[in-house]
Amino acid sequence: NVSSSEKTEYGTSVAFTRHCEIAMQVWSGSVGYPGEPNYLDFHKRHLGSMLRYWRVTDNKADMMYKSLYHPDWVWEKIDLQVNHFIHHIENTVNFHNRETRRFATLCTPFDTELFGHWWYEGPEFIRSLLRGLHHSPYVNTATASEQLSLMDPREVMLLPEGSWGENNNHDVWSNESNKWTWEAIYNDELRLNNILQKSPVETLTQTQREVLTQALRELMLLQSSDWQFLIHTESAKDYSEQRFMFHHSDFNKLCDIAENIGDSKVFSANDKQYLDETMQRNSVFPELQLEWWKD
């Protein structure tokens, strides 16, 4: 965000704003394409196999009223929806062109988990959509970077602070139900900072580096905003609180080991076993380097 009084020569951010009405056609399960009655229902599963055998039927119906899914019933619906969506896009950009005499940039960002996960037929929709847009006389597809290079925006504006969450603010991630997590996160960030101030990265032994790199890995997992989101929505509250505390505990135990190595030069067999277990359990971000924290 850049105000009119701030300097911009050090670089700015570029915002692609979402066309909400068009995006909701694809995103919404209640008023959009995923709510098509013949599509596979995400929520109802067979108790024994956990496989899905039922179709949406009615997105407001109780699970007991869901009808069986027929894969051969979806193709006509996908074609109809793709044609509708393409015409919607074409009409929107053509109207913009007539009103402003300028070509439109229309952006509809989505979480990739929508396609194939929440909306089983989503990948087929995307494939048909891209084929259809390829033949459109009015619309071309482009990546964000390609369109940015083409448009080369020059105006600077101040964007209001907000989010995609409830109330369009940060209430989902910071409220009475989850504010305790932030105290833990801030304390852990401060602890790692203090350790690296006392023992700069370039002075660490290989063992200390391994321990603290794993601690940083645990900290990054701890900082995932999904924990606050899931605690607030109560969709997986117990799991989220448990995972949060596991990462918090592992982080602090690893910091204890690193500080003990620095003070007494001792790295016991139990310490080695604990490090190996945490590295095996949480092995994400293999490229992680402690220098990134310092910088």
Side-chain angles (χ1 to χ4, degrees), residues 1 11 13 50 111-113 117 161 163-166 169-295:
N1 298 341
S13 297
M50 299 305 289
D111 293 349
T112 54
E113 67 175 357
H117 178 65
E161 184 174 352
S163 79
W164 56 264
E166 187 176 293
N169 57 22
H170 307 303
D171 287 350
V172 169
W173 297 276
S174 183
N175 55 66
E176 289 301 316
S177 69
N178 59 34
K179 68 178 183 181
W180 60 271
T181 64
W182 293 107
E183 181 177 357
I185 289 173
Y186 296 150
N187 287 337
D188 290 351
E189 290 175 347
L190 180 60
R191 183 175 189 187
L192 181 61
N193 194 58
N194 289 340
I195 289 175
L196 292 178
Q197 281 189 342
K198 180 180 178 181
S199 303
V201 174
E202 57 272 13
T203 68
L204 297 175
T205 65
Q206 182 60 33
T207 301
Q208 286 176 299
R209 178 181 286 271
E210 289 180 2
V211 173
L212 287 175
T213 299
Q214 184 62 29
L216 180 55
R217 190 170 285 117
E218 299 293 339
L219 179 61
M220 293 182 68
L221 291 167
L222 185 73
Q223 292 167 330
S224 169
S225 63
D226 271 357
W227 307 138
Q228 289 82 19
F229 176 82
L230 294 172
I231 291 171
H232 171 71
T233 60
E234 297 188 350
S235 55
K237 186 174 186 291
D238 292 343
Y239 169 77
S240 302
E241 292 177 339
Q242 186 180 61
R243 279 288 304 275
F244 184 91
M245 293 309 301
F246 282 164
H247 294 306
H248 174 65
S249 176
D250 285 339
F251 169 84
N252 282 283
K253 175 64 175 177
L254 290 165
C255 286
D256 290 342
I257 293 173
E259 289 182 322
N260 189 52
I261 295 173
D263 294 338
S264 62
K265 311 301 180 185
V266 174
F267 183 59
S268 67
N270 288 337
D271 293 340
K272 177 66 165 63
Q273 181 180 355
Y274 188 83
L275 174 62
D276 290 343
E277 289 175 353
T278 55
M279 291 179 68
Q280 183 176 8
R281 182 166 60 244
N282 297 317
S283 58
V284 294
F285 317 126
E287 72 280 12
L288 198 60
Q289 298 179 30
L290 282 177
E291 283 79 4
W292 297 351
W293 177 269
K294 182 187 70 171
D295 294 340

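Position 1 is the first residue of the sequence, and the numbers go up from there.
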**OP:** Start with the C-alpha distance between E259 and K198, add both sets of side-chain angles, then the distance that settles side chain to side chain contact (heavy atoms under 4.5 Å, CB included), and finish with yes or no.
**Re:** CA-CA 10 Å; E259 289 182 322; K198 180 180 178 181; over 6 Å; no

**OP:** Check whether any side-chain heavy atom of W180 sits under 4.5 Å from a side-chain heavy atom of I231, and report yes or no.
**Re:** yes

**OP:** Give a yes or no answer on whether the side chain of N178 reaches the backbone of N175 with a donor-acceptor pair at less than 3.5 Å.
**Re:** yes

Original post:
What distance separates L219 CG from D250 CG, expressed to the nearest 0.5 Å?
Top reply: 12.0 Å

**OP:** Could you grab the distance from atom CD1 of I261 to atom OG of S268, nearest 0.5 Å is fine?
**Re:** 9.0 Å

**OP:** Decide yes or no for E287 and W292: does some side-chain heavy atom of the first lie under 4.5 Å from some side-chain heavy atom of the second?
**Re:** yes

Subject >> Sub-4.5 Å side-chain heavy-atom contact between I185 and F244 >> reply: yes

**OP:** Keeping the roles fixed (side chain from S249, backbone from M245), state whether a donor-acceptor pair exists under 3.5 Å.
**Re:** no

Original post:
What residues form a side-chain hydrogen bond (donor to acceptor under 3.5 Å, both in side chains) with S163, not counting sequence neighbours?
Top reply: none

**OP:** Grab the two heavy atoms, one from L290 and one from R209, that are nearest each other, plus how far apart they are.
**Re:** CD1-O, 3.9 Å

**OP:** Taking the side chain as every heavy atom from C-beta outward, state whether F251 and L192 have any pair of such atoms under 4.5 Å apart.
**Re:** yes

Original post:
If you measure from the Lys or Arg side-chain nitrogens to the Asp or Glu carboxylate oxygens, is any gap between R281 and E218 under 4.0 Å?
Top reply: no

Original post:
Distance from D188 atom CG to Q223 atom CD, nearest 0.5 Å?
Top reply: 8.5 Å

**OP:** Tell me, yes or no, whether the heavy-atom count around E183 atom CD, taken from other residues, nucleotides or ligands under 6.0 Å, exceeds 12.
**Re:** no

Subject >> N193 vs Q197 side-chain heavy atoms within contact, under 4.5 Å >> reply: yes

Subject >> Sidechain-backbone polar pair: T278 side chain, L275 backbone, donor-acceptor under 3.5 Å >> reply: yes

**OP:** Please assess H247 against N282 for the test side chain to side chain contact (heavy atoms under 4.5 Å, CB included), listing each intermediate value before the final yes or no.
**Re:** CA-CA 9 Å; H247 294 306; N282 297 317; 3.6 Å; yes

**OP:** Indicate yes or no: does E210 engage K272 in a salt bridge with an N to O separation below 4.0 Å.
**Re:** no

Subject >> From OG1 (T207) to NZ (K265), nearest 0.5 Å >> reply: 11.0 Å

Original post:
Considering residues, nucleotides and ligands other than E202, do more than 12 of their heavy atoms fall under 6.0 Å from its CD?
Top reply: yes

Original post:
Under the 3.5 angstrom rule, does the side chain of N260 hit a backbone N or O of D256 as a donor-acceptor pair?
Top reply: no

Original post:
So, for W182 and W173, which heavy atoms are closest and what is the spacing to 0.1 Å?
Top reply: NE1-O, 2.7 Å

Subject >> Side chain R217, main chain S283, donor-acceptor under 3.5 Å >> reply: no

Subject >> T213 backbone acceptor or donor facing W293 side chain under 3.5 Å >> reply: no

**OP:** Calculate, to the nearest 0.5 Å, the distance between atoms CG and OG1 belonging to L222 and T181 respectively.
**Re:** 8.0 Å

Subject >> Pairs meeting criterion salt bridge (Lys or Arg N to Asp or Glu O under 4.0 Å) with involvement of residues 172-182, two or more places apart >> reply: E176-K179

Original post:
Is any side-chain heavy atom of L204 closer than 4.5 Å to a side-chain heavy atom of S199?
Top reply: yes

Original post:
Is any side-chain heavy atom of F267 closer than 4.5 Å to a side-chain heavy atom of Q208?
Top reply: no

Original post:
Of all residues at least two apart in sequence or in a different chain, which pass the side-chain hydrogen bond (donor to acceptor under 3.5 Å, both in side chains) check with E241?
Top reply: K237

Original post:
With no hydrogens and no angle check, is any side-chain donor or acceptor of R243 less than 3.5 Å from a backbone partner on W227?
Top reply: no

